[in-house]
Novice: 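Please read through the structure below; I'll follow up with questions.
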Amino acid sequence: MAKRVQLVLTQDILKLGKNGDLVDVAPGYARNYLLPKKMAVPVTSGVLKQVERRREVERQRQLELKQQAQELKAALEKVGSFTIAKQVGEKEAIFGTVTDRELATLIQQAIGQEVDRRGITLPDISKLGTYKADVKLHQDVTATVEVKVIAE
């Protein structure tokens, strides 16, 4: 059986790994595909040091992003609730629905920072009332805000 070759990836490769990952591959795959296309480099002590340095920088960046998300969560919880006025029909049913864009705009007006609307999870809102919405600020940080839907 052929020996495996250790390489460090220089870019993300589907089903193999991400940039900076240490992988074991077949010698032919390394020699004929990964190395000529500069998708990977052979493992040396210098390359391993570079990879560790990059990982540490990335870890510090992720910690900083998480800290900013914690501060944003505290600001959202301080505000607490957001009020949205909608046109109302029979039996307190609203016309249309409350969208994540509307809530993102309200959050930006209230705290002065933009929140990614794709991270907002709203329940199905079809009547007047108070609802809970989750705002994902980071993969580990989620804030819950109250959304009050009132008649215009």
Side-chain angles (χ1 to χ4, degrees), residues 1-86 94 96-127 129-149:
M1 203 158 161
K3 238 174 136 179
R4 306 288 282 178
V5 177
Q6 277 196 330
L7 300 172
V8 176
L9 297 177
T10 56
Q11 57 183 273
D12 294 353
I13 300 175
L14 188 66
K15 296 184 182 177
L16 188 58
K18 295 188 181 279
N19 184 2
D21 285 352
L22 184 65
V23 295
D24 288 328
V25 296
Y29 184 47
R31 183 178 53 248
N32 298 323
Y33 185 72
L34 295 175
L35 293 174
K37 292 190 180 257
K38 308 234 184 289
M39 297 174 139
V41 292
V43 174
T44 63
S45 61
V47 169
L48 286 176
K49 286 179 184 176
Q50 278 183 334
V51 167
E52 286 303 315
R53 214 172 307 122
R54 255 190 260 135
R55 283 185 182 159
E56 181 61 27
V57 167
E58 179 62 21
R59 191 181 70 76
Q60 291 294 332
R61 190 180 72 79
Q62 288 296 330
L63 282 173
E64 188 177 309
L65 288 174
K66 187 174 179 180
Q67 181 64 33
Q68 290 173 353
Q70 292 283 6
E71 292 169 4
L72 197 57
K73 179 181 178 181
L76 280 174
E77 288 174 349
K78 187 176 180 183
V79 172
S81 68
F82 298 93
T83 305
I84 297 176
K86 287 286 192 178
I94 62 173
T97 185
V98 176
T99 64
D100 51 5
R101 287 177 194 241
E102 290 173 314
L103 185 56
T105 304
L106 284 175
I107 290 172
Q108 184 176 3
Q109 291 171 354
I111 64 174
Q113 281 191 319
E114 192 171 324
V115 173
D116 186 10
R117 67 175 182 79
R118 294 171 295 198
I120 297 174
T121 306
L122 284 167
D124 188 26
I125 300 174
S126 59
K127 293 187 174 209
T130 304
Y131 301 90
K132 297 276 185 194
D134 291 329
V135 181
K136 188 169 185 171
L137 305 168
H138 184 266
Q139 77 184 52
D140 299 332
V141 181
T142 303
T144 302
V145 295
E146 203 171 83
V147 178
K148 294 179 184 173
V149 182

Novice: Under the salt bridge (charged side-chain N to carboxylate O under 4.0 Å, His left out) rule, what do E58 and R55 come out as? Steps first, then yes or no, please.
Specialist: CA-CA 5 Å; E58 179 62 21; R55 283 185 182 159; over 6 Å; no
Novice: How long is the span from the CD atom in Q67 to the CG atom in L72, to the nearest 0.5 Å?
Specialist: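 If we round to the nearest 0.5 Å, Q67:CD and L72:CG are 11.5 Å apart.
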Novice: Do you see a donor-acceptor pair shorter than 3.5 Å between the side chains of E64 and Q60?
Specialist: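 Absent: no donor and acceptor within the cut-off.
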Novice: Looking at every non-hydrogen atom in both residues, tell me the closest pair between A30 and P36 and how far apart they are.
Specialist: O-CD, 3.8 Å
Novice: Suppose we screen for ring pair (Phe, Tyr, Trp, His ring centres under 6.0 Å). Which residues come up paired with Y33, at least two apart in sequence or across chains?
Specialist: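 So Y33 forms a ring pair (Phe, Tyr, Trp, His ring centres under 6.0 Å) with Y29.
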Novice: Below 4.5 Å, heavy atoms only, C-beta onward: do I125 and I94 meet side chain to side chain?
Specialist: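 Sidechains of I94 and I125: in contact.
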Novice: If you look only at distance, which donor and acceptor atoms sit under 3.5 Å apart when one is on a side chain in residues 104-118 and the other is two or more places apart or in another chain?
Specialist:
unit_1, atom_1, unit_2, atom_2, d
T105, OG1, R101, O, 2.8
D116, OD1, R118, N, 3.3
D116, OD1, R118, NE, 3.2
D116, OD2, R118, NE, 3.4
D116, OD2, R118, NH2, 3.3

Novice: Please list, one pair per line, the donor and acceptor atoms closer than 3.5 Å that link side chains of residues 9-18 to other protein atoms, with sequence neighbours excluded.
Specialist:
unit_1, atom_1, unit_2, atom_2, d
T10, OG1, K38, O, 2.8
T10, OG1, M39, O, 3.0
D12, OD1, N19, N, 2.6

Novice: Looking only at heavy atoms, what is the nearest atom pair of D24 and R4, with distance?
Specialist: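 Between these two residues, the closest heavy atoms are O-NH2, 3.1 Å.
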Novice: Cut-off 3.5 Å, no hydrogens considered: what does the side-chain donor-acceptor table look like for residues 41-52, sequence neighbours left out?
Specialist:
unit_1, atom_1, unit_2, atom_2, d
T44, OG1, V47, N, 3.2

Novice: What side-chain donor-acceptor pairs closer than 3.5 Å can you find for residues 133-148, not counting sequence neighbours?
Specialist:
unit_1, atom_1, unit_2, atom_2, d
D134, OD1, T144, OG1, 3.1
H138, ND1, D140, N, 3.2

Novice: Show me the pairs that pass salt bridge (charged side-chain N to carboxylate O under 4.0 Å, His left out) and involve residues 70-84, at least two apart or across chains.
Specialist: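 The answer is none; no pair qualifies.
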Novice: Search all heavy atoms of Y131 against all heavy atoms of P123 and return the closest pair with its distance.
Specialist: CB-CG, 3.9 Å
Novice: Could you measure the distance from the CG atom of L76 to the CZ atom of F82? Nearest 0.5 Å is fine.
Specialist: 5.5 Å
